[in-house]
Amino acid sequence: MKRNVFFLPALLVVGFTLVSVIAPSAALGAGRDHRDGPRIGLVLSGGGARGAAHIGVLKVLEELRIPIDVVVGTSMGSLVGGGYAAGLTPEELDRRVTEVNWDVLFNDDPPRKDWPARRKEASANPTWNFSLGVRDGQVRLPKGAISGQQVQLFFNDLVKGVETVQRFDEMPIPFRAVATDLEDGQMKVFDQGPLPVAMRASMSVPGLFAPMEWDDHIYVDGGLVRNLPIDVARGMGVDVIIAVNLGSGYLPREQLGTILGVTGQMIAILTEQNVQRSLKEIRPGRDVLIVPDLGDITSGDFKRAAEAIATGETAARKAAPQLARFSLSEDAYARWKHRRFGPGDPVREVGEVRVAGLKRVNPQVFDGLVADQAERPLDRERLVDDIEGLYGRGDFERISYRFEPQRDGKDLLIVDAIEKAWGPGYLGFGLGLSTDNHGDSRFGLRATYNQTWINSLGAEWTSMLTLGNAPLLYSELFQPLDLDRAFFVAPYLDLSLSPDSVFLEDQRVARYDVTRLRVGMDVGTTLKDVEVRAGAYYGHTEVDLDTGSPELNEGGRPDSGLRGRLLYDTLDSVGAPRAGMRLSLETMSPLSAMGSDDDYTRAELNATAAHSFGPHTIAGNIKGGTSFGAEMPYYDQFPLGGFLKLSGYANEQFRGNDMAFASLAYYRQIASLPPPIGRGLYLGASLEAGWLSDGIVTNPRDGKDTILSPEETRYGGSLFFGSDTWIGPAYLGVGLSGTGDSAIYVLIGTP
């Protein structure tokens with residue numbers, strides 16, 4: 001009997017043991033309930049564009065019905081992981097990542113057509129797209145090549161379903177983003193705060209993206225300290241790790257000859273070292289490591305996102321035998337998925353609007369944005385448009401938005417307006433070059449300085465200095481009379497020297513140095529894409545013979561008078577526009593009543609329009625000028641000749657008191673350039689026609705009029721290669737005139 005007393009409990013123990021062993025095995029076929037299985041942590045590494053492979057892994061995890069309890073990501077892994085944890089399905093992530101225009105996303109500026117009129121005007125003389133700041137008497141550098149403005153707005157829209165969630169444990173799937181504290185090199189694990197801020201901080205690649213300043217700390221890419229944060233996921237209480245390691249993506253030897261290549265390789269080396277330490281934390285037989293074979297896809301190949309996603313799918317399917325033990329039944333997975341994926345709870349009603357971070361910029365600049373959103377349903381599209389318009393002013397490093405819930409059921413909208421830390425003074429540099437094989441060459445090194453927010457109305461002092469054989473000094477104080485710049489006054493100083501040639505038919509017979517001085521003040525108004533200004537000026541022109549026979553009167557003459565200008569501009573680029581229109585009407589009237597030696601009115605109309613279909617662009621240009629029957633000095637007559645201005649002839653070979661010109665150009669984009677390097681490379685051709693009245697000068701030796709070029713309609717055309725880059729537009733062209741003359745042009749700057 002005593003044997004039976006001990007036999008029954010022993011039998012029960014053995015029975016329960018067998019059940020605990022057999023039941024999980026049986027579940028592989030029938031599917032288990034998530035509540036009975038292990039807690040699974042998904043760890044997604046950084047890797048730039050290679051990180052799109054994570055989406056492929058997520059697709060396979062969904063096919064295998066594997067639930068994820070925790071997601072931890074670094075850099076691009078935080079983008080994919082944050083989106084997944086916020087409730088986006090793998091299919092939606094695939095669509096968003098492959099359809100987004102990464103060139104636009106990595107270009108901080110909104111399209112040029114959305115810039116304020118004054119900034120468009122300044123871009124007509126392009127400088128290198130790299131500015132130095134001047135603050136407190138010190139020259140400062142920007143924090144990175146890309147501020148991340150468009151990236152931040154993309155993140156806001158991507159995870160809008162959880163935009164009011166403050167603690168990441170309350171997201172559909174608990175989430176962590178890993179960044180590096182730039183001040184002490186310590187790992188920062190974001191477990192709360194605005195999710196877009198955490199994602200942006202995690203992927204702030206040093207040198208490329210500007211660091212993310214948040215909560216009195218400066219953060220950069222988490223890959224520097226923990227590119228595969230297995231320990232972070234383990235610390236969240238998971239039982240099993242599924243880790244996706246994208247590898248280092250070392251640069252080949254031929255790419256290590258530049259400072260950018262060396263910097264990138266240093267970051268890759270640091271990243272790989274901490275990855276190797278993390279890989280030792282993988283428990284064979286229990287955890288699963290997935291390593292996509294990304295081949296030659298680099299961290300910058302964002303346009304190959306679809307390929308990267310496919311490699312992730314392939315790698316995850318190879319790991320399917322290891323992953324299968326975590327599979328749920330169809331019903332259990334459907335219940336798990338239903339609770340975690342969907343539109344979420346985006347903000348619908350805004351209460352108060354608060355603008356944070358302003359130091360120099362007048363807060364009233366944001367009044368329009370506040371009025372559009374406060375105490376009304378959220379208009380997200382209008383909010384983004386307002387933010388991009390404000391960012392286009394050029395005062396800010398970043399403008400983003402976030403929400404905090406309020407007790408009344410509405411949400412507090414906080415706009416973080418981070419001013420450029422390297423402002424408010426900005427130095428820019430440029431290069432101008434124009435040469436042909438007819439003996440005309442102009443070159444100059446250009447520097448600009450722009451001091452912003454001199455007072456609360458946003459006054460600006462802009463100066464430009466060009467050194468070369470066509471030197472220039474221009475300085476203007478732009479003083480708005482109200483914040484929206486509806487009215488302004490602008491006193492200015494304009495001093496220039498131009499080497500003007502005199503042609504007799506096809507022969508260059510003289511070259512003169514024409515020095516002009518203008519001191520004046522304009523009053524005007526700005527209405528979005530239109531600027532109108534007019535004013536009086538004191539002028540003096542000095543004409544000195546440089547080489548050749550004396551065809552013009554030398555010496556100085558006063559030419560004070562009035563001037564005016566109307567400018568309308570929606571072009572997307574000044575170098576190789578692919579869309580938009582630019583219209584300018586300029587008049588100048590020297591008046592004897594103001595001390596001028598001459599009385600005449602010079603009026604010029606210039607219109608350019610561009611339209612594109614795919615990589616192809618058609619651009620048209622029309623010019624017209626008249627002196628209304630008056631005889632103007634030679635240097636004020638309308639010139640034609642040169643690249644895209646009667647190609648095939650010498651630069652400014654013909655002049656007249658009246659002018660009409662039209663051209664039609666076709667160019668095809670043959671390559672795109674990643675921001676901030678540029679926009680693209682182009683091949684093109686043009687057809688041009690121009691008419692000028694007689695080019696007449698009074699010979700100083702005998703006082704007789706000489707016709708330098710008779711009234712005639714002339715024709716030209718060109719073939720050219722063009723580039724629109726961070727140093728400005730550049731062209732190499734061959735021109736052919738209607739009379740068979742030819743010319744080769746090299747140009748850096750606008751034609």
Side-chain angles (χ1 to χ4, degrees), residues 43-60 73-81 90 93-107 145-146 151 203 205-209 221-224 227-228 243-276 278-279 289-319 615 669-681 725:
V43 179
L44 305 178
S45 76
R50 298 159 65 91
H54 294 316
I55 299 174
V57 173
L58 291 175
K59 284 185 173 184
V60 175
T74 295
S75 196
M76 190 66 175
S78 71
L79 186 156
V80 176
L93 284 168
D94 185 325
R95 184 185 69 81
R96 296 297 299 271
V97 169
T98 55
E99 290 183 1
V100 68
N101 187 329
W102 290 96
D103 286 342
V104 173
L105 207 63
F106 289 152
N107 186 1
I146 301 172
V151 170
M203 61 180 298
V205 180
L208 178 61
F209 281 103
D221 197 290
L224 296 178
N227 201 48
L228 191 65
V244 185
N245 181 28
L246 302 177
S248 63
Y250 287 131
L251 295 175
R253 184 187 184 101
E254 56 269 20
Q255 295 185 25
L256 301 181
T258 66
I259 186 172
L260 293 177
V262 172
T263 301
Q265 195 77 322
M266 290 173 61
I267 294 173
I269 292 170
L270 289 172
T271 299
E272 186 61 21
Q273 288 177 348
N274 71 67
V275 166
Q276 292 302 317
S278 295
L279 289 175
L289 176 64
I290 300 173
V291 184
D293 182 6
L294 288 151
D296 63 348
I297 299 177
T298 69
S299 59
D301 286 334
F302 286 92
K303 293 183 179 180
R304 299 177 66 182
E307 296 177 54
I309 291 172
T311 65
E313 290 187 57
T314 300
R317 288 200 171 92
K318 289 182 180 179
Q669 185 172 358
I670 58 174
S672 59
L673 300 174
I677 295 175
R679 299 177 76 240
L681 305 177
T725 70

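By convention here, the first residue in the shown sequence is residue 1.
Here CD1 of I290 is found 11.0 Å from CG of N245. Values are rounded to the nearest 0.5 Å. Of the inter-residue distances, the one linking M76 atom CE with R50 atom CZ reads 12.5 Å to the nearest 0.5 angstrom. To the nearest 0.5 Å, the span separating CG on L294 from OG1 on T314 amounts to 10.5 Å. Note: I297 CD1 to F302 CZ = 12.0 Å, rounded to the nearest 0.5 Å.
Within the 3.5 Å criterion, the main-chain N or O of N227 finds a donor-acceptor partner in the side chain of N274. Distance alone, capped at 3.5 Å, is enough to place a donor-acceptor pair between the S45 side chain and the L246 backbone. The closest donor-acceptor contact from the side chain of D301 to the backbone of R304 lies at 3.5 Å or more, if one exists at all. At distances below 3.5 Å, not a single donor-acceptor pair connects side-chain atoms of S75 with backbone N or O atoms of G223.
When the side chain to side chain contact (heavy atoms under 4.5 Å, CB included) test is applied to D94, the partners found at least two apart in sequence or on another chain are I55, K59, T98, I309. Take R317 and apply the side chain to side chain contact (heavy atoms under 4.5 Å, CB included) test, not counting sequence neighbours, and it matches V60, E63, E313. Legend: residues meeting side chain to side chain donor-acceptor pair (under 3.5 Å) with K318, ordered by chain and number and at least two apart, are absent.
When every heavy atom of A52 is checked against every heavy atom of A305, the shortest pair comes out as CB-O, 3.8 Å. Heavy-atom minimum distance, D103 versus K303: OD2-NZ, 3.0 Å. Of all the heavy atoms in A315 and P292, the pair that sits closest is CB-CA, 3.6 Å.
The local environment of CG in D293 is sparse, with at most 12 non-hydrogen atoms from other residues, nucleotides or ligands closer than 6.0 Å.
A 4.5 Å side-chain heavy-atom check between W102 and V97 finds at least one atom pair inside the cut-off.
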